Amino acid sequence: SLDLIDNTMTLILRNVAGNTDFLEILVNGERQYAGLRSGLSGGLTINGLAGNDTLTVDFANGDPIPAGGLLFNGGTQSGGGDRLVVTGNGSNHGVYTPDSLVPGSGALDVDGSVITFTGLEPVTVSGFFEFTFVTPNSNDVITVDSPAAGQNRITGTSGAVAFEALTFSTVTSFLLD
């Protein structure tokens, strides 16, 4: 697991360009880990602690998620909150399913690799061929708006449980289920 210090941190998880067997983790632009993805076969946990952290999972060089998955615990917030950003390679298929009971928690599946998260505020995805948003309960109240040019955002509740806002762009086909 990777525990962040109590500051605002920006992390990038991606494969090393030219070698999809190796992944790297950058913290505030500095490489903190580089190694075989198979070396993290039990999965990877990133604990955000008290800062307003952003984790970007970049699929441009292939799937960087270890076989055991990725868990991002946002931690406590001090203002803007913790963010998850997932960047596809243009051909990826993704599914976002908020937790049915706990606001700020859920799972994002990209081509079978799962990112589970807790304690987040916004989720942002881009660069997908197809992306599906699945509401976990019934009696959904959903708002779709456009926070910026070329972006769409879904907010609301499912079964009276607030789900994390999902902002998406450059998605060829978007499904709301």
Side-chain angles (χ1 to χ4, degrees), residues 1-78 80-100 102 104-134 136 163-164 166-171:
S1 92
L2 174 64
D3 293 327
L4 304 179
I5 59 174
D6 290 341
N7 289 324
T8 297
M9 308 291 272
T10 300
L11 292 92
I12 299 173
L13 173 66
R14 65 184 181 198
N15 282 340
V16 173
N19 191 339
T20 59
D21 292 332
F22 284 85
L23 64 81
E24 62 183 351
I25 300 172
L26 288 82
V27 178
N28 293 336
E30 299 288 327
R31 182 186 283 177
Q32 299 298 311
Y33 175 84
L36 285 170
R37 191 164 54 120
S38 62
L40 299 171
S41 61
L44 174 63
T45 298
I46 298 175
N47 295 311
L49 303 177
N52 293 324
D53 305 307
T54 299
L55 170 62
T56 298
V57 182
D58 186 347
F59 284 79
N61 296 327
D63 181 355
I65 307 297
L70 171 64
L71 171 60
F72 180 36
N73 294 315
T76 58
Q77 316 317 310
S78 60
D82 297 311
R83 301 171 41 93
L84 173 64
V85 177
V86 181
T87 305
N89 63 17
S91 65
N92 298 107
H93 292 76
V95 178
Y96 168 40
T97 307
D99 189 273
S100 63
V102 181
S105 298
L108 205 150
D109 180 309
V110 179
D111 296 329
S113 292
V114 179
I115 304 166
T116 306
F117 57 86
T118 64
L120 296 189
E121 279 66 58
V123 175
T124 302
V125 298
S126 64
F128 282 79
F129 177 73
E130 181 178 271
F131 199 88
T132 303
F133 180 90
V134 179
F163 54 78
E164 245 0 273
L166 173 69
T167 300
F168 61 97
S169 61
T170 60
V171 173

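Quick caveat, the model's predicted, so the values are computed rather than measured.
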*Asks:* Under a 3.5 Å distance rule, please check whether Asp82 uses its side chain to pair with a backbone N or O of Asp53 as donor and acceptor.
*Replies:*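 The answer is yes, because a donor-acceptor pair under 3.5 Å joins these two groups.
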*Asks:* If you compare all heavy atoms of Pro66 against all heavy atoms of Leu40, which two are closest, and at what distance to 0.1 Å?
*Replies:*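 Of all heavy-atom pairs spanning Pro66 and Leu40, the closest is CB-O, 3.1 Å.
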*Asks:* Write down the atom of Ser105, the atom of Thr118, and the distance for their closest heavy-atom approach.
*Replies:* OG-CA, 3.5 Å
*Asks:* Does the ring-ring contact (aromatic ring centres under 6.0 Å, His included) test come out yes or no for Phe128 and Phe168, once each step is laid out?
*Replies:* CA-CA 9 Å; Phe128 282 79; Phe168 61 97; over 10 Å; no
*Asks:* What distance do Ile115 atom CD1 and Ile65 atom CD1 have between them, rounded to the nearest 0.5 Å?
*Replies:*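 Atom-to-atom, Ile115:CD1 and Ile65:CD1 are 4.0 Å apart.
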*Asks:* Could you name each residue pair satisfying salt bridge (Lys or Arg N to Asp or Glu O under 4.0 Å) that touches residues 16-32, not counting sequence neighbours?
*Replies:*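 Passing the test, one end in residues 16-32: Arg14-Glu24, Glu24-Arg31.
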*Asks:* Looking at Asp109 and Gly94, would you say the former's side chain and the latter's main chain have a donor-acceptor pair under 3.5 Å?
*Replies:* no
*Asks:* With rounding to the nearest 0.5 angstrom, report the CG to CD distance, Leu26 to Gln32.
*Replies:* 8.0 Å
*Asks:* For residues Phe72 and Arg83, report the shortest heavy-atom separation together with the two atoms involved.
*Replies:* CE2-O, 3.5 Å
*Asks:* Identify the heavy atoms of Leu55 and Ile46 that sit nearest to each other, and give their distance.
*Replies:*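 In this case the closest contact between Leu55 and Ile46 is CD1-CD1, 4.0 Å.
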*Asks:* So, taking the atom named OG in Ser38 and the one named CZ in Phe22, what distance separates them when rounded to the nearest 0.5 Å?
*Replies:* 8.5 Å
*Asks:* Taking the six-membered ring for Trp, are Phe117 and Tyr96 parallel (under 30°), tilted (30 to 60°) or perpendicular (over 60°)?
*Replies:*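 Phe117 vs Tyr96 ring planes: tilted.
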*Asks:* Okay, side chain of Arg37, backbone of Asp63: is any donor-acceptor separation there less than 3.5 Å?
*Replies:*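 Yes, Arg37 side chain to Asp63 backbone: donor-acceptor pair under 3.5 Å.
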*Asks:* To the nearest 0.5 Å, how far apart are OG1 in Thr97 and CG in Leu108?
*Replies:* 8.0 Å
*Asks:* Hey, what do you get for CZ (Phe131) to OG (Ser169), rounding to the nearest 0.5 Å?
*Replies:* 11.5 Å
*Asks:* Quick one: list whatever passes side-chain hydrogen bond (donor to acceptor under 3.5 Å, both in side chains) with Asp111, sequence neighbours left out.
*Replies:* Asn92
*Asks:* First locate atom CG of Leu120, then atom CG of Asn73, and finally report the distance between them rounded to the nearest 0.5 Å.
*Replies:* 9.0 Å
*Asks:* Does Gly81 offer a backbone N or O that forms a donor-acceptor pair with the side chain of Asn52 under 3.5 Å?
*Replies:*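 Indeed, once roles are kept as given, a pair shorter than 3.5 Å links the two residues.
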*Asks:* Going by heavy atoms in the side chains, are Val123 and Val86 under 4.5 Å from each other?
*Replies:* no
*Asks:* At their closest point, which heavy atom of Ser126 faces which heavy atom of Thr170, and how far apart are they?
*Replies:*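 So the minimum-distance heavy-atom pair works out to CB-OG1, 3.6 Å.
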